[in-house]
Amino acid sequence: MVVTDSHRTTAIVIRNDGHKVTLVPMKSGRLSARTLNFDEFRQEWRETGYGLALALTTFLTHVMKWGASLEVTKGLEKLAARDRNVVASLF
């Protein structure tokens, strides 16, 4: 899921268990994850119409250039793999 906050920061949710949400906000430099309670997440962040595939490409390109924490790298790679499997199963 691609989300944005009131400061127009774009982020990708890499984990959501219904109690806690882990997201990766786009920023300059090395990317890191941020974990919030689900209620806090719902207050601060809103889903965007931005496509997940395009967002993943943008975030992974940023990671290749500037780096990211291990949690972010694994989370984005897992999302990309899941996205590929979903699209592949449609054809």
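Keep in mind that what you see is a predicted model, and the values were worked out from it rather than measured. Just so you know, residue 1 is the first one in the sequence shown, and it goes up from there.
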Test side chain to side chain contact (heavy atoms under 4.5 Å, CB included) applied to His7 - qualifying residues, sequence neighbours left out: Asp5, Thr9
Residue pairs passing the salt bridge (charged side-chain N to carboxylate O under 4.0 Å, His left out) test where at least one lies in residues 54-64, sequence neighbours excluded: none
Listed partners of Arg42 passing side-chain hydrogen bond (donor to acceptor under 3.5 Å, both in side chains), at least two apart: none
Side-chain cluster (under 4.5 Å, hydrophobic types only) that Ile12 belongs to, other residues: Val2, Ile14, Val24, Met26, Leu31, Tyr50, Leu52, Leu54, Leu56, Phe59, Leu60, Val63, Val72, Leu76, Leu79
Residue pairs, two or more places apart or on separate chains, that pass side-chain hydrogen bond (donor to acceptor under 3.5 Å, both in side chains) and touch residues 51-78: Arg15-Glu71
Sequence-distant partners of Asn16, side-chain hydrogen bond (donor to acceptor under 3.5 Å, both in side chains), two or more places apart: none
Closest non-hydrogen atom pair between Pro25 and Ala11, with its separation: CA-CB, 3.6 Å
Pairing residues for Asp39 by the side chain to side chain contact (heavy atoms under 4.5 Å, CB included) criterion, not counting sequence neighbours: none
Lys27 versus Arg30, closest heavy-atom pair with distance: CE-O, 2.9 Å
Spacing of Met1 atom CE and Arg46 atom CZ [to the nearest 0.5 Å]: 11.5 Å
side-chain hydrogen bond (donor to acceptor under 3.5 Å, both in side chains) involving Thr35 - partner list, sequence neighbours excluded: Thr22
Sidechain-backbone polar pair: Asp17 side chain, Lys20 backbone, donor-acceptor under 3.5 Å: yes
Any side-chain heavy-atom pair of Leu36 and Trp45 under 4.5 Å: yes
